[in-house]
Amino acid sequence: MIKTLGAFIGKYKKSSILTPIFAALEVVMEMLIPYLTAFIIDDGIKSGNMGNVVKYGIAMLIIACASLYFGVQSGFFASDASAGFAANLRKGMFDKIQTYSFSNIDKFSTAGLVTRLTTDVTNIQNAYQMIIRICVRAPFTLIAAMIMSFILSPELASIFLIVIIVLAVILFMLIRATMKIFDSVFKKYDALNASVQENVSAIRVVKAYVREDYENEKFGKAAGALYKLFVKAETLIAINNPVMMASIYGSMLLISYVGANLIVAGNLTTGELTSFYTYIMNIMMSLMMISMLFVMITMSVASAKRICEVLNEVPDIAEPENAVNEVKDGSIDFDHVNFAYKKGSGEYVLKDIDLHIKSGETIGIIGGTGSAKSSLVNLISRLYDVSEGSVKVGGVDVRDYDLKLLRDSVSVVLQKNVLFTGTIYDNLRWGNENATDEECENAAKLACADEFIDRFPDGYNTKIERGGANVSGGQKQRLCIARALLKSPKVLIMDDSTSAVDTATDAKIRSAMKTAIPGTTKIIIAQRISSVKDADRIIVMDNGMINGFDTHENLMKNNDIYREVVEMQSEGGGDFDKPGEGGNA
């Protein structure tokens with residue numbers, strides 16, 4: 001874990017080294033001041049020698065200024081190192097997430113990743129700043145103060161040494177108990193963030209169904225669970241302060257009594273006892289800082305484990321050596337493919353898929369919910385890897401291609417359409433960042449998106465809000481199709497991507513693509529028969545297997561599932577999963 005996180009200190013190593021050096025120098029200066037105070041009292045004030053008072057006073061002023069300088073420098077470099085370390089961690093995690101395959105992403109919830117990038121990194125940042133500064137300053141102050149105390153009076157110093165050992169044992173026991181609690185705290189943070197994310201992203205649905213009270217109750221439960229854990233942890237931590245204060249002030253009373261007897265016996269001066277009290281206060285503050293440091297480290301250990309989970313996750317999909325850098329054509333071959341989302345589980349969602357598609361063909365895919373239509377097409381662009389068998393594009397196994405080249409050649413309009421903050425031009429250029437305005441507008445025409453874009457006051461410069469909140473579902477789908485077309489792909493996959501547009505517009509889009517990109521292999525997943533009936537061939541999926549693969553006419557003759565769906569929809573029924581009232585069951 002330390003090795004993993006340490007790699008992200010990077011160029012901030014210099015600041016990380018200078019921080020403890022300046023902190024140590026600051027402590028040295030601080031330890032000299034009480035020592036000089038004893039000389040001022042004993043050799044100056046008590047003896048009435050103002051020359052010694054001035055001499056030692058000037059020395060104390062110089063030392064105090066030096067201490068201030070070293071403290072400022074230590075604080076500056078600590079802030080620079082910790083903030084830079086946190087920035088590197090966030091960048092490293094974000095970059096690592098970009099390398100994940102869909103199966104890697106499935107292991108982490110979205111809320112969990114957000115918590116790791118925000119709360120967990122902040123905890124690490126605070127802990128790192130304390131480690132490189134306080135972790136040096138507090139123990140060094142403690143040790144230096146104890147040494148100076150023993151120099152002044154071994155008898156008095158021995159009393160406080162016993163107290164420190166007792167407090168260290170108590171602190172260890174408290175930290176051990178709280179560490180287990182903090183491991184659970186951040187899991188509750190994930191649940192809380194998930195509740196917020198889900199509610200905010202679906203706020204329109206919540207209000208439409210008047211479910212505010214339900215969502216408030218759900219959030220309240222998540223917040224309550226987090227509250228209980230924090231109270232439990234903070235209660236244990238809170239015990240530390242009164243125990244520490246009672247021990248310290250009790251020992252100070254004992255030291256006052258013993259010290260007074262030593263002064264009367266002539267074994268200790270008044271100035272030395274005064275200095276001793278200052279060192280005791282230094283020791284007390286050091287103990288409190290060490291206590292805070294242990295609490296922060298305890299919290300950060302749980303955060304560090306979660307961050308390392310992200311950083312150490314090995315992407316399931318890796319770039320091949322000697323990758324193929326050209327996709328010859330849009331032909332697709334599935335050679336006895338089995339696929340399971342969980343590796344080694346044997347729970348295949350696709351079973352023995354043997355499928356061969358010619359370049360330039362238009363292929364329709366139809367099937368009920370859960371029949372693995374999306375899983376099938378996700379293998380083509382290598383969003384997942386097959387469990388058994390192989391998928392080939394252009395006659396080459398997709399695992400042998402350069403990944404960027406493959407995904408540029410196999411354009412996918414996913415089932416869940418996503419737009420990003422920016423103009424319409426900005427969103428279209430996700431398909432081709434170098435596309436001209438004219439190319440963007442031509443792609444929009446093919447996707448029938450120009451019909452509504454031209455009605456916007458700012459046209460293609462219209463600002464899209466986060467997630468495409470200011471456009472309708474059908475408009476969003478057409479923009480996503482236009483974005484995919486700008487790739488000029490060898491294979492175009494449309495995963496139920498016209499479900500929110502009317503049948504007339506759907507027909508226009510298919511007709512335009514047939515004319516404009518005849519050499520592109522087009523795969524259309526749909527629930528409406530009208531969206532696929534004109535395809536060259538149609539795949540009928542059932543329970544992760546291919547039930548039929550033929551033209552519309554032949555499937556009507558030979559495939560019971562397909563024929564039944566056509567009859568249902570022709571009699572006024574809905575999509576594949578919604579039979580008409582007069583349809584056959």
Side-chain angles (χ1 to χ4, degrees), residues 330-341 347-381 384 386-393 410 412-413 415 491-499 503 506-507 510 513-514 520-580 582-585:
S331 62
I332 302 168
D333 298 285
F334 283 75
D335 294 327
H336 299 286
V337 167
N338 290 321
F339 171 67
Y341 282 104
E347 298 175 3
Y348 295 126
V349 294
L350 289 170
K351 304 154 195 169
D352 196 27
I353 303 297
D354 197 58
L355 185 65
H356 305 281
I357 299 168
K358 298 174 184 176
S359 182
E361 274 193 295
T362 298
I363 302 296
I365 302 179
I366 196 166
T369 301
S371 61
K373 304 184 297 295
S374 296
S375 300
L376 180 76
V377 297
N378 283 340
L379 299 178
I380 299 172
S381 56
Y384 292 94
V386 299
S387 301
E388 296 174 4
S390 66
V391 177
K392 296 176 182 176
V393 173
V410 181
V412 183
V413 184
Q415 196 169 17
V491 178
L492 174 63
I493 299 170
M494 298 172 63
D495 189 353
D496 206 15
S497 53
T498 57
S499 58
T503 52
D506 184 16
R510 285 185 283 108
M513 287 194 297
K514 189 173 183 179
T520 298
T521 303
K522 295 167 281 293
I523 299 177
I524 303 169
I525 297 177
Q527 295 287 357
R528 292 190 298 226
I529 292 295
S530 59
S531 297
V532 298
K533 67 180 294 185
D534 293 328
D536 295 318
R537 289 186 289 173
I538 301 165
I539 299 169
V540 180
M541 296 291 297
D542 182 37
N543 194 29
M545 295 183 288
I546 296 177
N547 185 269
F549 183 32
D550 213 328
T551 62
H552 168 74
E553 291 75 15
N554 288 338
L555 287 172
M556 284 293 292
K557 295 176 186 176
N558 305 318
N559 191 278
D560 293 338
I561 293 177
Y562 186 82
R563 184 171 57 253
E564 186 175 342
V565 174
V566 172
E567 290 171 356
M568 287 176 185
Q569 295 191 9
S570 64
E571 292 175 15
D575 59 26
F576 192 95
D577 295 311
K578 298 177 182 177
N584 297 324

| For the residue pair I363 and A535, what are the closest heavy atoms and their distance? |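 In terms of heavy atoms, the two residues are closest at C-CB, 4.2 Å.
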| field | For D335, salt bridge (Lys or Arg N to Asp or Glu O under 4.0 Å) partners two or more places apart | value |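 If we apply the salt bridge (Lys or Arg N to Asp or Glu O under 4.0 Å) test to D335, skipping adjacent residues, the hits are K392.
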| said: Run the salt bridge (Lys or Arg N to Asp or Glu O under 4.0 Å) test against D495 and tell me which residues pass, sequence neighbours left out. | reply: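 D495 satisfies salt bridge (Lys or Arg N to Asp or Glu O under 4.0 Å) with no residue once adjacent residues are dropped.
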| said: Applying ring-ring contact (aromatic ring centres under 6.0 Å, His included), can you list everything that pairs with F549, at least two apart in sequence or on another chain? | reply: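 By the ring-ring contact (aromatic ring centres under 6.0 Å, His included) rule, F549 matches no residue at all.
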| query | What residues, two or more places apart in sequence or in another chain, satisfy ring-ring contact (aromatic ring centres under 6.0 Å, His included) together with Y562? | reply |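 Partners of Y562 under the ring-ring contact (aromatic ring centres under 6.0 Å, His included) test: H552.
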Atom [atom1] of [X] and atom [atom2] of [Y]: how far apart are they, to the nearest 0.5 Å?
X: I539; Y: I366; atom1: CD1; atom2: CD1; result: 11.5 Å
X: D496; Y: I525; atom1: CG; atom2: CD1; result: 7.5 Å
X: I493; Y: T521; atom1: CD1; atom2: OG1; result: 10.0 Å
X: Q527; Y: T369; atom1: CD; atom2: OG1; result: 5.5 Å

| request: Evaluate the side chain to side chain contact (heavy atoms under 4.5 Å, CB included) criterion for residues I380 and F334: first the C-alpha distance (whole Å), next the side-chain angles of each, then the deciding distance (0.1 Å), finally the verdict. | output: CA-CA 9 Å; I380 299 172; F334 283 75; 3.7 Å; yes
| query | Can you name the residues that form a side chain to side chain donor-acceptor pair (under 3.5 Å) with D333, not counting sequence neighbours? | reply |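 Here the qualifying residues are H356.
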| field | Residue pairs passing the salt bridge (charged side-chain N to carboxylate O under 4.0 Å, His left out) test where at least one lies in residues 537-560, sequence neighbours excluded | value |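 Only E361-R537, D560-R563 qualify under salt bridge (charged side-chain N to carboxylate O under 4.0 Å, His left out).
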